[in-house]
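Right, one structure below, let's go through it.
Computed from heavy atoms alone, side chains included, the values below leave out hydrogens, waters and symmetry copies.
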Amino acid sequence: MKKALRIGAATLAIATVATVGAVFNNTGHTGDNDFAVSPYVQTAVLKQGATGGEVKELQRRLKQWGYYSGSVDGVYGPQTVKAVKYFQQKNGLKADGIAGKSTFAALGMNDSVKALEGNKGSSGSNYTNSDLYLLAKCIYAEARGESYTGQVAVGAVILNRVASSKFPNTISGVIYQKDAFTAVTDGQINLSPDKTAMNAAQDAMNGWDPTYGCIYYYNPAVATSSWIFSRKTVTTIGKHVFAI
């Protein structure tokens with residue numbers, strides 16, 4: 001990556017972090033129209049009235065397995081309660097419609113289980129507002145034409161790389177690793193992220209991973225590396241193939 005790009009990215013981050021900081025310190029619904037900062041896992045126990053990325057992940061898993069037919073909107077409403085009860089009944093759990101440790105474990109939501117056990121780990125608790133803004137910038141630069149889930153997925157890949165011993169252990173290290181992202185090479189990383197990209201970054205930090213742990217993604221229509229095609233495909237979201 002050219003030195004000029006590094007300088008440009010740093011300058012933009014310094015210039016904008018003060019203004020977005022006020023937004024980052026609010027709390028509320030993290031859907032397409034709202035943005036908030038919260039811990040890695042927002043809520044210890046989820047029940048009717050809860051909102052946010054963790055609720056979206058709950059809904060996504062329930063929908064994937066055929067228990068939920070509503071929108072993955074991050075709002076724990078009556079339809080989500082009904083789906084949770086149905087899942088609990090089928091899995092021998094107390095059917096109260098409240099997602100606690102046993103329900104999270106049955107759904108494979110391990111970060112939520114860790115939160116209830118008092119161990120959030122290092123994945124999200126050490127992230128700063130600057131990390132969040134940089135993640136949103138990369139999501140916007142790399143995937144602004146993708147669906148909301150597709151944008152969260154790109155953020156999740158970056159965070160999965162941070163957690164992997166194969167990559168740098170910081171968000172900035174992963175994003176600015178040489179030749180890792182086209183948007184860094186061509187300078188699009190310097191674009192200001194929109195609200196959707198910010199929301200997607202927050203949801204990724206909250207633990208929503210539509211890629212199921214992937215550390216690579218690519219667009220097969222434009223990819224030129226034969227090596228990337230050798231990686232095991234896990235899922236496809238929009239134009240991007242996600243792989244391990």
Side-chain angles (χ1 to χ4, degrees), residues 1-2 4-6 8-9 12-13 30-32 35 53 56-57 60-61 63-64 71-74 123 127 131-244:
M1 183 190 71
K2 295 181 180 179
L5 289 179
R6 291 181 182 272
L12 181 60
T30 57
D32 287 350
F35 179 62
K56 284 186 178 181
E57 180 63 10
R60 183 188 67 77
R61 294 184 184 227
K63 191 165 190 173
Q64 181 185 16
S71 300
V72 180
D73 56 7
S123 296
Y127 292 140
D131 288 329
L132 188 60
Y133 187 67
L134 178 58
L135 182 62
K137 285 174 63 182
C138 195
I139 289 171
Y140 182 74
E142 287 276 317
R144 59 185 178 274
E146 295 295 304
S147 67
Y148 185 72
T149 300
Q151 292 186 45
V152 175
V154 167
V157 167
I158 294 169
L159 297 179
N160 290 340
R161 288 190 178 190
V162 173
S164 171
S165 61
K166 297 179 180 180
F167 297 91
N169 61 1
T170 64
I171 288 177
S172 60
V174 165
I175 290 175
Y176 288 113
Q177 187 175 25
K178 182 175 174 59
D179 299 326
F181 295 96
T182 302
V184 173
T185 304
D186 65 17
Q188 292 189 67
I189 190 67
N190 296 319
L191 297 172
S192 297
D194 61 11
K195 200 169 188 180
T196 299
M198 291 179 176
N199 289 340
Q202 180 64 74
D203 274 341
M205 281 190 174
N206 283 344
W208 184 13
D209 183 2
T211 78
Y212 310 101
C214 287
I215 54 177
Y216 303 105
Y217 69 88
Y218 61 94
N219 183 340
V222 297
T224 57
S225 170
S226 59
W227 177 86
I228 194 65
F229 290 102
S230 70
R231 309 311 301 175
K232 180 181 178 181
T233 297
V234 174
T235 188
T236 300
I237 304 173
K239 295 180 180 179
H240 286 143
V241 173
F242 293 85
I244 55 177

Sidechain-backbone polar pair: Asn160 side chain, Cys214 backbone, donor-acceptor under 3.5 Å: yes

In Å and rounded to the nearest 0.5 Å, what is the CG to CD1 distance from Leu134 to Ile175? 3.5 Å

CG of Leu159 to CG of Leu135: how many Å apart, nearest 0.5 Å? 5.5 Å

Partner of Thr182 under side-chain contact (heavy atoms from CB on, under 4.5 Å), chosen from Val184, Asp186, Asp179: Asp186

Indicate the ring-plane relationship of Trp227 and Tyr216, choosing parallel, tilted or perpendicular according to the 30° and 60° boundaries. perpendicular

Which atoms form the tightest heavy-atom contact between Lys137 and Ile189, and what is the distance? CE-O, 2.9 Å

OG1 on Thr235 to OH on Tyr212, rounded to 0.5 Å: 6.0 Å

Please confirm whether the backbone N or O of Ala243 pairs with a side-chain atom of Tyr218, one donor and one acceptor, at under 3.5 Å? no

Considering all heavy atoms of both residues, which atom of Lys56 and which atom of Asp203 are nearest to each other, and what is their separation? NZ-OD2, 3.0 Å

At what distance, to the nearest 0.5 angstrom, does CZ of Arg231 lie from OG1 of Thr233? 10.5 Å

Under the 3.5 angstrom rule, does the side chain of Gln188 hit a backbone N or O of Glu142 as a donor-acceptor pair? no

Residues Phe229, Val241; criterion side chain to side chain contact (heavy atoms under 4.5 Å, CB included); working and verdict: CA-CA 10 Å; Phe229 290 102; Val241 173; over 6 Å; no

Any idea which heavy atoms bring Ala200 and Ile139 closest together, and the distance? C-CD1, 4.1 Å

If you count heavy atoms of other groups shown closer than 6.0 angstrom to NZ of Lys63, is the number above 12? yes

OH on Tyr133 to CE on Met198, rounded to 0.5 Å: 5.0 Å

Search all heavy atoms of Phe242 against all heavy atoms of Val154 and return the closest pair with its distance. CE2-N, 4.2 Å

Residue pair Ile171 / Ile158: nearest heavy atoms and the distance that separates them: CG2-CG2, 4.5 Å

How long is the span from the NZ atom in Lys178 to the OG1 atom in Thr185, to the nearest 0.5 Å? 8.0 Å

Beyond-backbone contact of Leu191 with Arg144, side-chain heavy atoms, under 4.5 angstrom: yes

Do Ile215 and Phe167 have side chains that get closer than 4.5 Å, going by heavy atoms? yes

Where do Gly213 and Ile244 come nearest, in terms of heavy atoms and distance? O-CG2, 4.1 Å

